[in-house]
Amino acid sequence: VIMDHSKLQDLPEVLRIEEVAKVLRISRSSAYALAHSRNFPVINPLGGKSLRVPKDAFIKWLDNHTQY
């Protein structure tokens, strides 16, 4: 799958896990599992369950994990 970067650029600067799930077309629980995996660009600005993903880091992660 080739990602359309023009659509990715329209995303908010910081994504919620639900938005990551929508972009990747995976379930919310799968997105949370991904967010807790090693090398996924997640931040926890408020502590606890409030996970966020910086858009630029997410796009870079997608590029690095896309097989052509």
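Treat the numbers as computed from the prediction; the structure is a model and nothing was measured.
- The distance from atom CG of L11 to atom CD of E19, rounded to the nearest 0.5 Å, is 7.0 Å.
- The stretch residues 41-67 participates, sequence neighbours left out, in these ring pair (Phe, Tyr, Trp, His ring centres under 6.0 Å) pairs: F40-W61, W61-H65.
- Residues meeting the side chain to side chain donor-acceptor pair (under 3.5 Å) test with R28, sequence neighbours left out: E18.
- Considering only heavy atoms from C-beta on, E13 stays 4.5 Å or farther from P54 through its side chain.
- Applying the side-chain contact (heavy atoms from CB on, under 4.5 Å) test to I26 and every residue at least two apart in sequence or in another chain returns A21, L24, S30, A31.
- Residues satisfying the side chain to side chain donor-acceptor pair (under 3.5 Å) criterion with S37, sequence neighbours excluded, are absent altogether.
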I17 and V53: CA distance, side-chain angles, deciding distance, side-chain contact (heavy atoms from CB on, under 4.5 Å) verdict: CA-CA 7 Å; I17 297 303; V53 180; 4.0 Å; yes
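- Listed by chain and residue number, nothing satisfies the side chain to side chain donor-acceptor pair (under 3.5 Å) test with S50 (two or more places apart in sequence, or in another chain).
- Without hydrogens or angle criteria, K55 side chain to Q9 main chain gives a donor-acceptor distance under 3.5 Å.
- In this view, H36 and Y32, L51 satisfy the side-chain contact (heavy atoms from CB on, under 4.5 Å) rule, not counting sequence neighbours.
- The OG atom of S29 lies 11.5 Å from the CG atom of L34; values are rounded to the nearest 0.5 Å.
- Here the straight-line distance linking atom CD1 of I59 with atom CG of N64 works out to 12.0 Å at 0.5 Å rounding.
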Test side-chain contact (heavy atoms from CB on, under 4.5 Å) applied to L8 and L62, step by step: CA-CA 10 Å; L8 291 174; L62 280 173; 4.0 Å; yes
